[in-house]
There are 2 protein chains.
Amino acid sequence: MVDDVTRYPLTGRFLMGRTRHAMREREKELLESSITEVAEYDRSHLVLVRGELAERSTLLIEGYMLRTIEEHGRRYIVGFHVPGDFVDLHAYALKRLDHDIVTLGPAKVGIVPHERIGHIHENEPHLSRLFWFSTLLDAAIQRQWTLKLEQLKASRRVAHRFSEVWRRLEMVGLARSNGFRTPLNQTDLADMCGTTSIHMNRALSELRREDVVEFRRGLVIARDRSRLESFGDFNPDYLYGGGPLGVQHELDGTD
Amino acid sequence: MVDDVTRYPLTGRFLMGRTRHAMREREKELLESSITEVAEYDRSHLVLVRGELAERSTLLIEGYMLRTIEEHGRRYIVGFHVPGDFVDLHAYALKRLDHDIVTLGPAKVGIVPHERIGHIHENEPHLSRLFWFSTLLDAAIQRQWTLKLEQLKASRRVAHRFSEVWRRLEMVGLARSNGFRTPLNQTDLADMCGTTSIHMNRALSELRREDVVEFRRGLVIARDRSRLESFGDFNPDYLYGGGPLGVQHELDGTD
DNA sequence: CGTTGAATTGACACCGTTCAACGACAGTGG
DNA sequence: CCACTGTCGTTGAACGGTGTCAATTCAACG
């Protein structure tokens, strides 16, 4: 898979760790060549605005992106993306989004016109099914967020988020052995976990005190990863990475 | 649209109030004929189990269905479906789900083998795009749940849920002018809103006391609908029903 | 008319918000 | 080099929202 990142520098991480192995070589080439433009954005760059008619979608190459909704003067983060994610592919079928797409830190993205996606959708059923899968994967992650918001208190929620991001980064080959780096600050974390930055601060110091995980200036470090994951009640199945839900072989053959 | 329900008694409510107008007559016929079996289930019937390989999907014709996750001896409701919803269409691309699909009250469903969906996916790009849209609509609803869990207290969350279900029923022609009927009980509502049944009870009596909405034995009645919706901070845009996000004309023409 | 499941109520502890204030640090310009 | 400034992180105290346990009432149904 490391090979794919060098061979397909723009799209090599798409579905990596999931069903990328089901992609044929010509599909990988087709996807890579569908990117008509590469852009580098600063932090907090608004890529797609809620309600705006979308005519292209964005595949994240480097950095992080968020899905945000601003309401009552407060920003809520309803999605988090790592390299390899086809961030707003769903805009192809929805046309207009109910949320904003925004960069977190500086980010490098590939842009795919909907015309190209339409062509793939009409002529490449196997690849287009993988596209569909990828948007449903985002939905599964969303579902898990809903679940964890319902059942965990703030400190466990952060632990869950950290566990998730760590795994997702690992799947695309971007995690360290003892943690990961992210431009998130405590306010961002609060906006992701449905709490206030003040309470997030207390939650983080609880995690530090209990030796679950350490968060400092965008560096997440855990001495014992399994301790972090069990504190956050994290079960990676919903990431569809090869566990009991993973699509191991079903999508392999011809469609 | 009432016409569609009589002409297509099984699938006439699919995407009704959304992009159904973009469906061609032969697509409606094709969908109707894709249902190879109609089943009637009792309440709490398990239609699809988490982790199980799915080979067919279920379109809800009458009644209600839920997406649930059981963890730590408690059940969490992460999705709610009304007639016309293609409840587990996403199982076509995901193969295995991370949650259960279950009936709430008694329900009548149409079953579509994935073979048929595969045929449509490969040969009917326009219809298959509407399928994709429908799964993304579920995702948008999920996103809104995440948002409201983050920002509202329990009593306002219920008000939001009531507003949503009311609108969704209305879209498929099944609401009353002053409310709607549902087999939900207070425990179900609690499981949907991420709270306990005891607290849900207090939330409901607050809503009654404040004259926002009345919930009794599965009957939801509001004297003033706009009061309910504003109390629940409800904005129907995310339901893609013709407001600013609705796909009014884009999907009309040939694909 | 008794049984059963659902709804209701009170008391109490914990979780989380809010407001206000303070501390740590990096970047900037004098 | 230092003072200034802004952002981010930290802390305390008061208050409101929610979970928990236990007990009671209510409605439906055989």
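B/Leu189 places its CG atom 13 Å from the P atom of C/dA6, with the value rounded to the nearest Å. The distance from atom CG of B/Leu204 to atom P of C/dA6 is 15 Å, rounded to the nearest whole Å. The distance from atom CZ of A/Arg209 to atom P of D/dT10 is 13 Å, rounded to the nearest whole Å. The separation between A/His199 atom NE2 and D/dC8 atom C1' is 19 Å, rounded to whole Å. Between the C1' atom of C/dG5 and the CG atom of B/Asp188 lies a distance of 13 Å, rounded to the nearest Å. Going from atom CZ of A/Arg216 over to atom C1' of D/dC8 covers 13 Å, rounded to whole Å. Going from atom CD of B/Gln151 over to atom C1' of D/dG17 covers 16 Å, rounded to whole Å. If you take CG of B/Leu149 and P of D/dG17, they are 17 Å apart, rounded to a whole angstrom.
A salt bridge links B/Asp191 and B/Arg74; the closest N-O separation between the charged side-chain nitrogens and carboxylate oxygens is under 4.0 Å.
Proximity of A/Asn201 to the phosphate of D/dG9: no side-chain N or O atom is located under 4.0 Å from OP1 or OP2. Using a 4.0 Å cut-off, some side-chain N or O of A/Thr195 falls inside it from OP1 or OP2 of C/dT17. Between B/Asn185 and C/dA6 there is a side-chain polar atom (N or O) within less than 4.0 angstrom of OP1 or OP2. Considering only side-chain N and O atoms, B/Arg74 lies nowhere under 4.0 angstrom from the phosphate OP1 or OP2 of D/dT20. Distances shown here put a side-chain N or O of B/Gln186 below 4.0 Å from the OP1 or OP2 atom of C/dT8.
You'll find that the side chain of B/Arg217 is closest to D/dA27, out of C/dA6, C/dA11, D/dA27. When the nucleotides C/dT17, C/dT9, C/dG16 are ranked by their closest atom to the side chain of A/Thr196, C/dT17 comes out on top. Of the candidate nucleotides D/dG12, C/dT8, D/dT10, D/dG12 has the atom lying nearest to any side-chain atom of A/Arg202. Checked against D/dG19, C/dA6, D/dG9, the side chain of A/Phe215 finds its nearest nucleotide in D/dG9. Between C/dT17, D/dG9, D/dT18, one nucleotide has an atom nearer to the side chain of B/Lys153 than all others, and that is D/dT18. You'll find that the side chain of A/Ile198 is closest to C/dC19, out of C/dT8, C/dC19, C/dC25.
Note on A/Arg157: nothing from the nucleic acid sits closer than 4.0 angstrom, heavy atoms only.
Distance check, rounded to the nearest 0.5 Å: CZ of B/Arg156 to CD of B/Glu206 gives 8.0 Å. Note: A/Leu136 CG to B/Thr135 OG1 = 4.5 Å, rounded to the nearest 0.5 Å.
Between A/Phe162 and A/Phe180, the ring planes are perpendicular. Angles over 60° get that label, and only those under 30° would be called parallel. Ring geometry for A/Phe234 versus A/His160: interplanar angle over 60°, hence perpendicular rather than tilted (30 to 60°).
In terms of position along DNA chain C, the nucleotide closest to B/Gly218 lies nearer the 5' end than the nucleotide closest to the other residue of the pair B/Gly218 and B/Glu150.
Remark: C/dG30 base-pairs with D/dC1. Criterion, Watson-Crick or G-U wobble with two distances under 3.5 Å.
The shortest distance between side-chain heavy atoms of B/Val165 and B/Phe80 falls below 4.5 Å.
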